[in-house]
Novice: 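One structure follows; several queries about it will come next.
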Amino acid sequence: MKSTRLDKYLADAGLGTRSEVKNLLKKRFVLVNGSPCVRPEQKITSDDEITCQGRLVRKKTFSYYMLNKPAGVISATEDSRDRTVLDLLQEQGIPTNGLFPVGRLDKDTEGLLLITDDGALAHHLLSPRRHVNKTYFARIDGEATVCDIEAFSAGLDIGDRKKTLPARLEILSPGPVSEVHLTVQEGRFHQVKRMFLAQRKKVLYLKRISMGKLSLDPDLLPGRARPLTEEEVSLLRPEIVSPV
């Protein structure tokens, strides 16, 4: 019979992140077959009864979809004027009850967007404290230079209270229109475009190609979505489900 760690089971049931789950265990709120359990690593099976503060805990089955967002679609659950990313899923026959996009891509930005109903995972990926990498392919009006690499690495003043966190700029093809990869760890409003504007360059095309360790499926056409594999989900959730 397959077993799983207690902290993973509780996190999968939506009781919180790994640290939040450990706090519940420390407070002896969690009972396994009627007995308090304080060890996150304890193995449990489907035959065990898990309760937290008197309520039965059942592992929730979450949904995870990778969407190759096209330009012209907004990262929202509903909108009275524009097509949303959930509209795209519905058009493919995917039930969208409870689903939401993890973060935002600008209307004219393409690429990887995660759609889920797992709030704990979304919090993990979007929290500035987690420093989750987001990598973009961009075409820039202007020649990208070593000076740009150094400026991005030091952090840029884009008009907010704080400079951006250090970002990694890789020049793929320099020239009047440069092609680059940019990796950032934040998600400020129009951040990538504002960072290049701070260097007196304009973004002509922008596509997110990875988030954390998850990369956009090269076979996934713009506007199409598919479920994540179990392996892909595990790549996104190290802080929530990894062993202590």
Novice: With sequence neighbours excluded, what pairs up with Asp157 under the salt bridge (charged side-chain N to carboxylate O under 4.0 Å, His left out) test?
Specialist: none
Novice: Picking from Leu113, Ile74, Thr84, Leu67, what satisfies side chain to side chain contact (heavy atoms under 4.5 Å, CB included) with Pro101?
Specialist: Leu113
Novice: Are Arg188 and Ile158 packed together at the side-chain level, in the sense that at least one heavy-atom pair is separated by less than 4.5 angstrom?
Specialist: yes
Novice: Is the backbone of Ser215 close enough, under 3.5 Å, to the side chain of Ser210 for a donor and an acceptor to pair up by distance?
Specialist: no
Novice: Can you measure from CG (Leu24) to CG (Leu6) and round to the nearest 0.5 angstrom?
Specialist: 10.0 Å
Novice: Output yes when Arg226 and Asp217 qualify as a salt bridge under the 4.0 Å nitrogen-oxygen rule, no when they do not.
Specialist: yes
Novice: Spell out, as yes or no, whether a donor-acceptor pair under 3.5 Å connects the side chain of Ser234 to the backbone of Glu231.
Specialist: yes
Novice: Does any non-hydrogen side-chain atom of Leu228 lie less than 4.5 Å from one of Leu236?
Specialist: yes
Novice: Side chain of Gln92, backbone of Gly223: donor and acceptor closer than 3.5 Å?
Specialist: yes
Novice: Can you tell me how far apart NZ (Lys8) and CD (Glu41) are? Round to the nearest 0.5 Å.
Specialist: 16.0 Å
Novice: For the residue pair Pro174 and Glu143, what are the closest heavy atoms and their distance?
Specialist: CB-OE2, 4.0 Å
Novice: Would you say Thr96 and Gln90 are linked by a side-chain donor-acceptor pair, where the criterion is simply a distance under 3.5 Å?
Specialist: yes
Novice: May I ask you to check whether Asp148 and Gln199 show a side-chain donor-acceptor distance below 3.5 Å?
Specialist: yes
Novice: Within the side chain of Lys201, is there an N or O that forms a donor-acceptor pair under 3.5 Å with the backbone of Ala144?
Specialist: no
Novice: Indicate yes or no: does Asp160 engage Arg194 in a salt bridge with an N to O separation below 4.0 Å.
Specialist: yes
Novice: Say you draw a straight line from OG1 of Thr109 to NE2 of His190; how long is it, rounded to the nearest 0.5 Å?
Specialist: 8.5 Å
Novice: Are any side-chain N or O atoms of Thr164 and backbone N or O atoms of Leu156, one a donor and one an acceptor, separated by less than 3.5 Å?
Specialist: yes
Novice: Counting C-beta onward and ignoring hydrogens, is there a side-chain heavy-atom pair between Tyr64 and Glu232 closer than 4.5 Å?
Specialist: no
Novice: Is it true that Asn68 and Glu110 share a donor-acceptor pair across their side chains at a distance under 3.5 Å?
Specialist: no
Novice: In the single-linkage hydrophobic clustering (I, L, V, M, F, W, Y; side-chain heavy atoms under 4.5 Å), do Met66 and Val233 co-cluster?
Specialist: yes
Novice: List for me each residue that meets side-chain contact (heavy atoms from CB on, under 4.5 Å) alongside Ala138, sequence neighbours excluded, and say none if there are none.
Specialist: Ile140, Val180, Leu206
Novice: Check Arg208, Lys207, Lys193 against Asp106 for a salt bridge (Lys or Arg N to Asp or Glu O under 4.0 Å) and give me the one that passes.
Specialist: Lys193
Novice: Check whether Leu214 and Tyr136 end up in the same hydrophobic cluster, where Ile, Leu, Val, Met, Phe, Trp and Tyr are linked by side-chain heavy atoms less than 4.5 Å apart.
Specialist: no
Novice: Are Lys107 and Val73 packed together at the side-chain level, in the sense that at least one heavy-atom pair is separated by less than 4.5 angstrom?
Specialist: no
Novice: Quick check: closest heavy atoms across Asp47 and Asn33, and the distance to 0.1 Å?
Specialist: O-OD1, 4.4 Å
Novice: Given side chains that start at C-beta, do those of Thr4 and Lys43 come closer than 4.5 Å, heavy atoms only?
Specialist: no
Novice: Please check if the distance between the ring centroids of Phe152 and Phe196 is under 6.0 Å.
Specialist: yes
Novice: Under a 4.5 Å cut-off applied to non-hydrogen side-chain atoms, are His181 and Leu172 in contact?
Specialist: yes
Novice: State, to 0.1 Å, how close Ala225 and Leu89 come at their nearest heavy-atom pair, and which atoms those are.
Specialist: CB-CD1, 3.9 Å
Novice: Is there a side-chain contact (heavy atoms from CB on, under 4.5 Å) between Leu114 and Leu121? Walk through the geometry before answering.
Specialist: CA-CA 10 Å; Leu114 177 65; Leu121 174 63; 4.0 Å; yes
Novice: Treat each ILVMFWY residue as a node, draw an edge where side-chain heavy atoms are under 4.5 Å apart, and state whether Leu25 and Tyr9 are in one component.
Specialist: yes
Novice: Would you mind reporting whether Leu169 and Ser153 have side-chain heavy atoms less than 4.5 Å apart?
Specialist: no
Novice: Is there a chain of hydrophobic side chains (I, L, V, M, F, W, Y, each step under 4.5 Å between heavy atoms) that links Val132 to Leu112?
Specialist: yes
Novice: Set out, in order, the CA-CA distance, both residues' side-chain angles and the distance that settles side-chain contact (heavy atoms from CB on, under 4.5 Å) for Glu20 and Asn23, then state yes or no.
Specialist: CA-CA 5 Å; Glu20 290 169 340; Asn23 192 44; 5.7 Å; no
Novice: Taking all atoms of both residues into account, what is the closest heavy-atom pair of Leu88 and Pro70, and its distance?
Specialist: CD1-CD, 3.6 Å
Novice: Nearest heavy-atom pair of Leu10 and Val21: which atoms, and what distance?
Specialist: CD1-CG1, 3.6 Å
Novice: Which heavy atom in Ser178 sits nearest to a heavy atom in Gly142, and how many Å separate them?
Specialist: OG-O, 2.8 Å
Novice: Run the side-chain contact (heavy atoms from CB on, under 4.5 Å) test on Gln42 and Asp7 for me, step by step, so that the C-alpha distance in whole Å, both residues' side-chain angles and the decisive distance to 0.1 Å come before the verdict.
Specialist: CA-CA 8 Å; Gln42 177 166 326; Asp7 58 349; over 6 Å; no
Novice: Under a 4.5 Å side-chain heavy-atom rule over Ile, Leu, Val, Met, Phe, Trp and Tyr, are Leu31 and Val57 clustered together?
Specialist: no
Novice: Roughly how far, to the nearest 0.5 Å, is the SG atom of Cys37 from the CD1 atom of Ile50?
Specialist: 8.0 Å
Novice: Can you tell me if Thr116 uses its side chain to pair, donor with acceptor, with the backbone of Ser63 under 3.5 Å?
Specialist: yes
Novice: If you round to the nearest 0.5 Å, how far is NZ of Lys69 from CZ of Arg104?
Specialist: 10.0 Å
Novice: Hey, is Glu179 close enough to Arg139 for a salt bridge, meaning N to O under 4.0 Å?
Specialist: yes
Novice: Could you tell me if the side chain of Tyr65 sits less than 4.5 Å from the side chain of Ile94, heavy atoms only?
Specialist: yes
Novice: Using side-chain contact (heavy atoms from CB on, under 4.5 Å), reason through Leu165 and His131 one step at a time and then give a plain yes or no.
Specialist: CA-CA 9 Å; Leu165 291 176; His131 293 180; 4.0 Å; yes
Novice: To the closest 0.5 Å, what do you measure between CG (Leu86) and CD (Glu78)?
Specialist: 9.0 Å
